[in-house]
Amino acid sequence: MYQTVQFIHSYWAYLVLIMLLIATFNFIIGFATNKEYSATNFRIALFTLIVSHIQLLIGIVLYFTSGNMARWEGGMGEVMGNDSIRLYLVEHPLMMIIAIALITIGYSKHKKKLTSKPKFKMLAIFYGIAFLVVLSRIPWSAWF
């Protein structure tokens with residue numbers, strides 16, 4: 001089961017990154033050019049939200065089914081002392097939860113705005129920061 005969940009989590013991450021990239025640039029361009037907020041923009045924001053939440057659920061399953069949980073038995077000192085273990089057990093999960101929280105907040109806040117420019121601004125800020133947070137804590141050595 002672990003192999004399957006890890007495979008899905010690894011490849012679903014590409015979809016999350018692609019959607020975050022498309023969404024962020026779409027919203028920045030929409031804000032900068034004073035475009036009218038359309039149903040397509042809403043769908044991009046919603047699909048990015050859904051894809052990222054699915055990735056979070058897959059990641060939670062992976063976190064608790066992986067063999068890395070046994071490494072916590074050595075205590076916090078051992079986990080924090082090893083860069084690789086710290087990345088997989090602390091930094092990556094925490095930062096991804098923060099990124100998905102930012103996406104959720106941005107999506108929720110944009111719905112309360114009545115005109116296009118503030119909608120694009122909310123989405124561009126929150127999705128953009130979330131994109132940077134995701135990029136900062138991807139375990140790049142395990143990706144390629």
Side-chain angles (χ1 to χ4, degrees), residues 1-33 35-76 78-113 116-144:
M1 179 177 146
Y2 171 74
Q3 301 285 339
T4 305
V5 175
Q6 185 180 26
F7 177 81
I8 294 169
H9 184 70
S10 296
Y11 285 98
W12 196 265
Y14 288 110
L15 180 60
V16 172
L17 277 178
I18 290 167
M19 285 309 303
L20 266 174
L21 180 69
I22 291 169
T24 301
F25 282 114
N26 180 52
F27 302 141
I28 290 171
I29 291 168
F31 177 74
T33 61
K35 288 174 68 177
E36 194 64 33
Y37 187 79
S38 66
T40 303
N41 296 313
F42 178 78
R43 287 185 189 109
I44 290 171
L46 180 61
F47 190 68
T48 304
L49 177 83
I50 292 168
V51 165
S52 63
H53 278 82
I54 291 171
Q55 178 72 346
L56 174 65
L57 293 175
I58 296 167
I60 289 170
V61 170
L62 183 64
Y63 189 83
F64 289 108
T65 60
S66 71
N68 288 333
M69 288 303 293
R71 297 191 182 197
W72 280 106
E73 293 174 4
M76 185 62 81
E78 182 181 325
V79 170
M80 297 308 267
N82 185 320
D83 292 344
S84 177
I85 296 172
R86 184 179 64 234
L87 175 66
Y88 285 108
L89 293 183
V90 179
E91 294 173 358
H92 178 73
L94 178 65
M95 296 305 280
M96 296 307 133
I97 290 169
I98 290 170
I100 292 168
L102 287 168
I103 292 168
T104 305
I105 292 167
Y107 181 79
S108 297
K109 286 176 116 358
H110 105 279
K111 292 192 309 183
K112 296 176 184 170
K113 303 298 180 187
S116 294
K117 188 133 178 129
K119 284 181 180 281
F120 279 122
K121 182 179 179 182
M122 276 295 125
L123 289 168
I125 290 170
F126 282 95
Y127 279 48
I129 294 170
F131 183 59
L132 293 175
V133 168
V134 168
L135 288 178
S136 75
R137 285 295 149 226
I138 289 177
W140 293 106
S141 61
W143 258 41
F144 301 112

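Throughout, numbering of the chain's residues begins at 1 and tracks the sequence.
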Is there side-chain contact between Ile44 and Phe27, with at least one heavy-atom pair below 4.5 Å?
-> yes
Pairwise distance CG(Asn26) to CD1(Ile22) - rounded to 0.5 angstrom = 9.0 Å
Pairs involving residues 93-109, ordered by first then second residue, that meet side chain to side chain donor-acceptor pair (under 3.5 Å) (sequence neighbours left out) | His53-Thr104
Taking C-beta and beyond as the side chain, do Tyr63 and Leu89 meet within less than 4.5 Å on heavy atoms?
-> yes
Heavy-atom closest pair, residues Lys35 and Ser116 = O-CB, 3.5 Å
State, to 0.1 Å, how close Gly106 and Leu123 come at their nearest heavy-atom pair, and which atoms those are.
-> O-CD2, 3.9 Å
Between CD of Gln55 and OH of Tyr11, what distance do you get to the nearest 0.5 Å?
-> 13.0 Å
Met96 side chain near Leu56 side chain, heavy-atom distance below 4.5 Å | no
Taking atom CD of Gln3 and atom CD1 of Ile8, what is their separation to the nearest 0.5 Å?
-> 12.0 Å
Gln6 side chain to Leu62 main-chain N or O, any donor-acceptor pair under 3.5 Å?
-> no
Neighbour count above 12 (heavy atom, 6.0 Å) for Phe25 CZ | no
With a 4.5 Å heavy-atom cut-off, do His92 and Pro139 have their side chains touching?
-> yes
All heavy atoms of Ala130 vs all of Ala99, minimum pair found to be CB-O, 3.4 Å
If you look at every heavy atom in Val134 and Ile138, which pair is closest and at what distance?
-> O-CG1, 3.0 Å
Residue pairs fulfilling salt bridge (Lys or Arg N to Asp or Glu O under 4.0 Å) with at least one residue in residues 119-130, sequence neighbours excluded = none
Below 4.5 Å, heavy atoms only, C-beta onward: do Leu49 and Ile100 meet side chain to side chain?
-> no
How about Tyr37 and His110: are their ring centroids closer than 6.0 Å?
-> yes
Taking Trp12 for its side chain and Phe7 for its backbone only, find out whether a donor-acceptor pair lies under 3.5 Å.
-> no
Nearest heavy-atom contact between Gly128 and Thr24 is CA-CG2, 3.7 Å
Can you find a pair of side-chain heavy atoms, one from Leu21 and one from Leu17, that are under 4.5 Å apart?
-> no
Measure centre to centre between the rings of Tyr127 and Phe131, then say whether the value is under 6.0 Å.
-> no
Shortest non-hydrogen contact between Phe126 and Leu102, atoms and distance | CB-O, 3.4 Å
Rounded distance [0.5 Å steps], CD1 in Ile125 versus CD1 in Ile105 = 12.5 Å
Which residues satisfy the salt bridge (Lys or Arg N to Asp or Glu O under 4.0 Å) test with Glu91, sequence neighbours excluded?
-> Arg86, Arg137
